[in-house]
Amino acid sequence: MSPIVGAEPLADRSETFVCYDADARPPQNADPGTKVEAGPVTLEAADGARFAGYLATPAEPTGSGVLVLPDNRGLSGFYEQLTTQLARHGHTALAIDYFGRTAGLDPAARGAGWGEMANLMPHLMKLREEELFADFTAGIDHLRDSADRVVSLGCCLGGRFAFLTAAARFGLAGAIGLYGMPGALLGRPGPTQRAAELTAPILAMFGGADEGIGAGEVDAFDAALTAHGVPHEVVVYPGAPHGFFDEQLPGHTAAQDDAWRRILAFIEG
């Protein structure tokens with residue numbers, strides 16, 4: 001099985017892969033009093049591998065489900081909060097971890113140094129496409145137990161993965177990616193190069209001041225989706241950096257609010 005991230009060390013590009021600080025949290029835009037049941041779950045892929053997830057279920061569901069795909073650190077507090085926010089809007093949401101096969105079932109047990117690239121990189125380099133896609137499928141199947149319409153939503157590396165889940169094999173109603181690298185990465189073709197495989201509608205949002213994803217990368221992705229007839233919308237927020245969807249990041253409230261509006265409208269179809 002081939003790696004999905006790449007075959008070479010990140011070297012001097014490592015900082016472009018650090019999306020959120022440990023204290024990051026998604027912008028809060030839902031009534032905190034809305035009843036939601038949320039907590040950790042353990043899922044099992046078709047190959048028998050078990051991995052961690054965090055499931056948030058609304059008291060009054062809309063019938064939509066969201067597979068939440070984290071950044072390169074895997075499941076963290078940011079994504080637990082994001083699933084809860086989505087559930088407060090009525091959408092069942094499941095965030096999954098990527099590293100059950102190599103780092104164990106408990107993300108919290110990995111320690112404070114987990115987010116440092118020196119510790120994280122060996123696990124990233126062991127990610128394999130078919131194994132990861134099996135995990136995505138297990139998460140999607142879990143959501144389909146209670147949701148009629150399922151979409152994916154990812155940030156950073158998870159945004160890149162979300163774009164790939166627009167492939168027909170996943171049967172999703174759509175895919176949302178925030179600042180996911182769309183082009184080739186460390187020798188591996190990305191969503192731009194694999195646009196012919198993508199069929200589900202895509203909502204792609206990028207920061208205009210993202211130093212890791214330039215305008216040329218965004219334009220090439222847009223053009224590839226258009227060329228292959230993939231329904232899509234590409235939104236670029238001028239002056240917004242990578243990781244702008246973070247309440248701790250000042251000065252980008254307008255972009256955060258607009259991104260939330262688009263995310264919720266997309267989920268609701």
Side-chain angles (χ1 to χ4, degrees), residues 19-45 50-100 103-110 112 114-115 135-159 161-162 165 172-178 243 245-248 256-257 259-261 263-268:
C19 191
Y20 295 121
D21 293 334
D23 62 350
R25 60 175 183 255
Q28 308 296 296
N29 79 329
D31 181 355
T34 304
K35 292 184 179 180
V36 167
E37 289 188 10
V41 295
T42 299
L43 303 175
E44 184 173 319
R50 299 167 73 232
F51 60 97
Y54 191 88
L55 179 68
T57 305
E60 299 182 8
T62 62
S64 293
V66 186
L67 179 71
V68 177
L69 300 174
D71 58 66
N72 59 343
R73 302 182 195 205
L75 185 59
S76 68
F78 180 95
Y79 298 98
E80 293 175 356
Q81 294 176 57
L82 181 56
T83 63
T84 301
Q85 284 285 302
L86 290 164
R88 285 177 176 153
H89 285 281
H91 310 307
T92 303
L94 172 64
I96 65 170
D97 184 57
Y98 305 135
F99 304 109
L105 287 175
D106 185 2
R110 295 169 189 167
W114 170 254
D135 295 352
F136 296 170
T137 299
I140 293 165
D141 289 346
H142 191 87
L143 286 164
R144 286 198 171 116
D145 287 342
S146 59
D148 301 320
R149 169 185 167 87
V150 179
V151 304
S152 63
L153 166 61
C155 302
C156 191
L157 182 63
F161 290 162
T165 65
L172 293 179
I176 307 167
L178 287 93
F245 198 66
D246 175 2
E247 192 173 67
Q248 300 286 82
Q256 294 165 3
D257 289 348
W260 255 130
R261 178 185 64 79
I263 288 168
L264 294 172
F266 189 91
I267 292 170
E268 293 161 7

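Closest non-hydrogen pair, Gly100 versus Arg110, comes out as N-NH2, 4.5 Å. The two residues Leu69 and Ser152 make their nearest non-hydrogen contact at CD1-CB, 4.4 Å.
Between the side chains of Asp71 and Tyr79, at least one donor N or O lies within less than 3.5 Å of an accepting N or O.
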Identify all side-chain donor-acceptor contacts of residues 28-38 below 3.5 Å with residues at least two apart in sequence or on another chain.
| residue | atom | partner | partner atom | Å |
| --- | --- | --- | --- | --- |
| Gln28 | OE1 | Gln85 | NE2 | 2.9 |
| Gln28 | NE2 | Pro26 | O | 2.5 |
| Asn29 | OD1 | His89 | NE2 | 3.1 |
| Asp31 | OD1 | Gly33 | N | 2.9 |
| Thr34 | OG1 | Asp31 | O | 3.1 |

If you look only at distance, which donor and acceptor atoms sit under 3.5 Å apart when one is on a side chain in residues 55-62 and the other is two or more places apart or in another chain?
| residue | atom | partner | partner atom | Å |
| --- | --- | --- | --- | --- |
| Thr62 | OG1 | Ser64 | N | 3.2 |
| Thr62 | OG1 | Gly90 | O | 3.1 |
| Thr62 | OG1 | His91 | ND1 | 2.9 |

Show the atom names and distances, to 0.1 Å, of all donor-acceptor pairs under 3.5 Å that link a side chain in residues 135-148 to residues at least two apart or in another chain.
| residue | atom | partner | partner atom | Å |
| --- | --- | --- | --- | --- |
| Asp135 | OD1 | Arg101 | NH1 | 3.1 |
| Asp135 | OD1 | Arg101 | NH2 | 3.1 |
| Asp135 | OD2 | Arg101 | NH1 | 2.8 |
| Thr137 | OG1 | Phe133 | O | 2.9 |
| Arg144 | NH2 | Phe170 | O | 3.2 |
| Arg144 | NH2 | Gly171 | O | 2.7 |

* Asked: Should Ile263 and Leu178 be marked as a side chain to side chain contact (heavy atoms under 4.5 Å, CB included) after you check the CA-CA gap, both sets of side-chain angles, and the distance that decides it?
  -> CA-CA 10 Å; Ile263 288 168; Leu178 287 93; 4.2 Å; yes
* Please step through side chain to side chain contact (heavy atoms under 4.5 Å, CB included) for the pair Val151 and Thr165, ending with a clear verdict. => CA-CA 9 Å; Val151 304; Thr165 65; over 6 Å; no
* Before giving the answer on side chain to side chain contact (heavy atoms under 4.5 Å, CB included), spell out for Val68 and Leu94 the whole-Å C-alpha distance, their side-chain angles and the decisive distance to 0.1 Å. => CA-CA 6 Å; Val68 177; Leu94 172 64; over 6 Å; no
* Decide side chain to side chain contact (heavy atoms under 4.5 Å, CB included) for Trp114 and Ser76; before the verdict, give the C-alpha distance in whole Å, the side-chain angles of both, and the deciding distance to 0.1 Å. => CA-CA 11 Å; Trp114 170 254; Ser76 68; over 6 Å; no
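Remark: Thr92 OG1 to Leu67 CG distance equals 12.5 Å, nearest 0.5 Å. Rounded to the nearest 0.5 Å, atoms CZ (Phe99) and CD1 (Ile96) are 11.0 Å apart. For the atom pair SG of Cys155 and CZ of Phe161, the computed distance is 13.0 Å after rounding to the nearest 0.5 Å.
For Arg25, the salt bridge (charged side-chain N to carboxylate O under 4.0 Å, His left out) criterion is met by Glu247, not counting sequence neighbours. In this structure Phe51 satisfies the ring pair (Phe, Tyr, Trp, His ring centres under 6.0 Å) test with no other residue, sequence neighbours excluded. Judged as a salt bridge (charged side-chain N to carboxylate O under 4.0 Å, His left out), and not counting sequence neighbours, Arg88 has no contacts.
Between Tyr54 and Thr84 there is a side-chain heavy-atom pair separated by less than 4.5 Å. With a 4.5 Å cut-off on side-chain heavy atoms, Leu86 and Leu153 count as touching. Considering only heavy atoms from C-beta on, Phe245 comes within 4.5 Å of Leu82 through its side chain.
Of the possible polar contacts, one joining the Tyr98 side chain to the Pro70 backbone as a donor-acceptor pair under 3.5 Å is found. No side-chain donor-acceptor contact under 3.5 Å links Arg50 to the backbone of Thr42.
Salt bridge absent: Asp97 and Arg73 never bring a charged side-chain N and a carboxylate O closer than 4.0 Å.
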